[in-house]
Structures are given as C-alpha cells and as structure tokens.
Asker: 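Just dropping this structure here.
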Amino acid sequence: MVTSALGTYNVRLYGPPAMLTRQGLPYSGKYFLKDSEKNFTFPVGFLFGTASSSYQIEGAWNEDGKGVNIWDELVHKHPEYVVDRSSGDVACDSYHRYRQDAQLLKNLGVHFYRFSISWSRILPTGHVNVVNQAGIQYYNNLINELLANGIKPLVTIYHWDLPQPLQDLGGWANPVMADYFEDYAYLLFSNFGDRVKAWITFNEPDSFTGGYGTSGYAPTFHAPGIGEYLATRTVLLSHARVYHLYQAYFQKLQRGKLGITLNIHWCEPLTNSTEDIKACERYQQFKLGLFAHPIFSYEGDYPEIVKLRVGQKSKEEGFRNSRLPPFSLKEIDYIKGTWDFFGLNHYTTVYGTSGEEGPIPSISRDAGVITSQDPAWYSTGSPWLKVVPWGFRKQLKWIAQEYNNPPVLITESGYSDLPNEGLNDVGRVYYYTSYMTEMLKAIYEDGCNVIGFCAWSFLDNFEWNSGYTEKFGLYSVDFSDPSRPRVPKKSAHVYSEIIRSRQIPMRYRFWREK
Ligand code: PNW
C-alpha cells in the first residue's frame, strides 16, 4: 500500500536488484540504487495509468436515453469538420464492451484508469430535471468492474461533450453554466463518490475554449479573441464552484482528491535573444498561466502579462474594455487554491519567436508569439506532434518553479502511429521510454513532484477533427469490424513491463536523440 497525493493505492512493489538483496541491505527505493540505476527507476508509490474520454470511445450515442451533445451535433450537421467525415456514433463501442476493457486494463497492470463521464448520458437535457438511470447504471457498472479488477477510477467530469441544450444557451460563454456544472457534479459525487476517490473537473480548457475562437472543436462558435476569454472565465469559476462543493459536502465522508487537467507544449526560444525568451514566457502565460495562475499561484488571478497585453491590444483595436473580463477580488480569492493536484497533459515542443499572426482580434495576437517546429525532430501521425523528450523535462521544471512545486499528475502524454506502423509501434515505444526518462530526470535532478503518469491512449479512438486517421492507442481497434476487436501493440507490452518492473527496461535506455 502506498499513499500519495492521489490517495492510497495498492502498488506492487517489486524487489530491489538482486545484487542489493545479496548484500543484505534494507531496500528503500531510490536511496540504495546506484546513480546509473536510480535515474531509470520510478520512485516508490509512483502511479501508472492510461486514459480515454467518453465521446472518443463509448459510442451508443443515442442509446438508453442519452441526450445529444455538441460533438454529436457537430459531426452530424457538419461532417466536413472531420477529415474522414466519421463520428463517435459507435467509436470503440466501449458502452457495450466495458467488461472486456477492464480485463485488458488489468492485463496491462495499470494502477488507475482515467475516463470521462458523458454529461448528456446522465442528464439528457443538461439539467437535473431529468436523470437518466441507464446512464448512472453504465458508470456504476464500469466503476465496479474496474474496482473488481484492482484498478482505481480517475474520473474526468468534463471532456468536451457539453449537452447541446446548454450550448443553445451559449455554452461556456454564458456564466450561468457554472450553476449547471455544479448541479451535474453534485450528482456525480453523490452517485459515484463512494468509490471514485480522484476527480478532474475539466480536461484541457485551453483546447475546448478554442471552440469559441478559431479552432474546429465544437461548438465551432467563431468569436476569436472574445469567445475564448468569456468561456475561460466561466470555466475557472465552474471549477472553483465544484472544488468548494466537494470540500463542503463530500470530502469529509468520501476523502477524495480533486484537480484540473491543463495542457501545454514546451516553448523553446528560437534564438537566445531576449525577445524570443520573453515570447516563450508569454506562450506559457497565455496557454497555461491563463488557467493555472488563478488556481495554483500564490496571488491568484490571471497572469499580469496577460491582463496587460489583452488590455493594451483591446484599446488599440477600439474596444471600450479589455476583451478579458476581470475577476473581482472576491472571485480571485474564491478560485485561488482550489486544487489537490495539478493534472498535466503534455505531448510536444515548439520553437517560439516574437511576432504577431492570426485574425484581429485573437488570442494569438494577444500572446504575440509565432511558433514553429524543427523538421529534424521525429514525426508522428499527427502534424502538430513531434517527439521532443527534453521539452517535457523543461516544462515540468517550469511548472515546479512557477507554482511552488505542486504534486503533478501526468494525465496524458502519447504518440500517434505513423502510417502503416501497425502493431509493431516502435515509434510509440521510443516516445514513452524517452519521455519517461526525461520525467525521471525532472524528478531526481530537478526535484519536481511528479506523482504519476497516464498514457494517452488506452485504445485507438475517435481523434476529434482527425476522426480515425490518427491513432493514439496502446491497443489497436479494428473499426471495420462490428465487434471492434482490440489487439495490444508492442507498446502495450513494453508499458506493462515498465509498470511491473518500475524501471525503464535496459534495452531502451540508450536511444539517440535528434
Ligand atoms: C488532447 N494540439 O487533445 C485531448 O485531451 C485528447 O482528447 C486527445 O485525443 C489527445 O490530446 C490527442 O490529441 C489535444 O494540437 C489535441 O496541440 C490537440 C492538441 C493538443 C491536445
């Protein structure tokens, strides 16, 4: 049994290297390991998991009383937003195949499974006036099946699939959404909180608030430079509402932990000029700080540089007020400190240089940084995703320094298959082993408080606007077969080996970096 910032877990502790036991020394994790070993061995109590999200895997989009959400609506009304014009209507069919999924997770050896709950499966109208018992039953079944197999559930409350009726009221741009989000969360804590001890309010607000600006994510409501900031404000207040709700009514009894998952690429200055270094700092503050600073910093509120730049730009553009609506002192205080852990999704690195691009107005211009990537970096099946392990370490160090070293749970990190990589996905094996090696350096050499790692993704699934053309799974899924057979890729076997040995296998320690 190991207790960490995420609660108490049954972590299998494998013995020390044989040499150490023969010397009859007591074993206490890293302390007695040689330096060369230490850097490739996970700390005692470090947790491993894998992740998914409801819209991307469940299917059953209109079964058993589920309501319509914004992704159902987008893919049905505007199939042109998805490159292969596909949808999550069936996806991995996990709604019907959750028992098999739990079995696979058990085989993998993960300590926890991160999944999300579909708001409209539980509340078809988005409101608590209609509770869909079949939806409650599904998540009860899934949670019980996981626990019966020794896997702890880590639940994301919102992973991008807002009920359409709430979008019709303006979605996250409307501050009233905080009331509805609180009602929804209350229902989840009351129904599942006896067994779920780790919660994430939001997955990647920086990504889904893009759906109110320039991105192709639902609701594709294009109000760049305005919509994202309105949505951001509601999301932060909603997160805080739910944190306080949990503290006031559930924490004493249920004893769980609650955090938020934020995403960020590392931004490396293109040159060592002061302008580029400052530009990369702005990148961090606009994409991560916008959400992290109000919650995790000592002072609270949006980062100074963000308030300053959006204020200035808004003025230049002829707006009467800043496009970033301010928080009151009361709100700043209310949002500050609403965390038990810092959930981080990290995939890749970009170069940053000072400059402005994009529509007027836009967040991109507000941030004033132009990004690029090095053609020499290893590619993946996703144009935006290059394999840059050293950026992961730098990002972890930045977070530790900026927010006073909070416990960080890596809630996603992963790689999409190159064309025809098939089951022999050596690219993904390289990705995970090299990223984890850099993470261990962040832990041991930089002192970062990283408590666990969650691989994105458990299964190949519906990759949003890329449909089924980009595959992130440790398990492949045959989407042309109605029974959606799952087959482990090489990376699933390697991940399993890493979890069981709590080490980076010897044969993957000496990759050469580009
Ligand atoms: C995350 N980018 O999204 C999401 O949380 C997952 O649902 C998704 O499947 C996964 O990463 C893989 O893409 C991102 O372009 C999507 O920078 C795109 C970006 C970042 C995160």
Side-chain angles (χ1 to χ4, degrees), residues 49-58 69-71 74-75 81-83 86-88 91-92 94 114-118 154-162 200-211 213-218 228 235 259-267 283-284 286-288 291 343-352 363-364 367 369 371-373 377 379-388 391-392 395 409-417 428 431-432 435 454-475 477:
T50 183
S52 69
S53 90
S54 48
Y55 187 76
Q56 295 179 275
I57 68 161
E58 282 179 6
N69 66 46
I70 56 176
W71 275 90
L74 181 67
V75 300
Y81 270 98
V82 181
V83 290
S86 64
S87 75
C92 306
S94 287
R114 174 177 177 233
F115 62 93
S116 80
I117 290 182
S118 158
L154 166 61
V155 173
T156 310
I157 299 175
Y158 184 79
H159 199 125
W160 306 3
D161 44 0
L162 192 74
I200 291 165
T201 51
F202 289 98
N203 178 69
E204 296 198 353
D206 175 64
S207 298
F208 76 78
T209 56
T214 49
S215 94
Y217 292 147
E228 301 100 324
V235 165
I260 186 168
T261 281
L262 306 177
N263 59 297
I264 187 73
H265 302 333
W266 175 246
C267 187
Y283 183 92
Q284 292 288 325
F286 271 83
K287 295 192 83 67
L288 183 64
F291 303 95
L344 175 69
N345 290 356
H346 177 82
Y347 287 87
T348 195
T349 287
V350 293
Y351 284 128
I363 291 210
S364 156
V369 44
T371 61
S372 58
Q373 287 179 314
W377 291 339
S379 296
T380 70
S382 307
W384 58 274
L385 175 45
K386 307 288 175 203
V387 184
V388 193
F392 189 21
Q395 186 62 57
L409 176 65
I410 309 305
T411 42
E412 286 181 28
S413 184
Y415 165 101
S416 60
D417 293 343
R428 182 171 288 100
Y431 181 96
Y432 279 125
Y435 271 60
C454 195
W456 183 274
S457 182
F458 170 37
L459 304 172
D460 287 345
N461 60 49
F462 177 77
E463 178 55 21
W464 310 113
N465 306 104
S466 301
Y468 298 98
T469 66
E470 295 177 22
K471 299 179 190 308
F472 280 81
L474 295 167
Y475 288 78
V477 176

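Whatever order the structure lists them in is the order used to number ligands and atoms, beginning at 1. The first residue of the sequence shown is numbered 1, and numbering continues consecutively from there.
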Asker: Look at the aromatic rings of F462 and W464 and report parallel, tilted or perpendicular, splitting at 30° and 60°.
Answerer: perpendicular
Asker: Working note: L474 + T50, criterion side-chain contact (heavy atoms from CB on, under 4.5 Å); need CA distance, chi angles, decisive distance, verdict.
Answerer: CA-CA 9 Å; L474 295 167; T50 183; 4.0 Å; yes
Asker: Measure the acute angle between the ring planes of Y351 and W377, then classify it against the limits of 30° and 60° as parallel, tilted or perpendicular.
Answerer: tilted
Asker: For ligand 1, would you mind listing the residues that have at least one heavy atom less than 4.0 Å away, ordered by chain and number?
Answerer: Q56, H159, W160, N203, E204, Y217, H265, N345, Y347, W384, E412, W456, E463, W464, F472
Asker: Less than 6.0 Å separating the ring centroids of F392 and Y347?
Answerer: no
Asker: Less than 4.5 Å apart, side chain to side chain, heavy atoms only: is that true for Y217 and N465?
Answerer: yes
Asker: Can you check whether S86's main-chain N or O pairs, donor with acceptor, with Y468's side chain at less than 3.5 Å?
Answerer: no
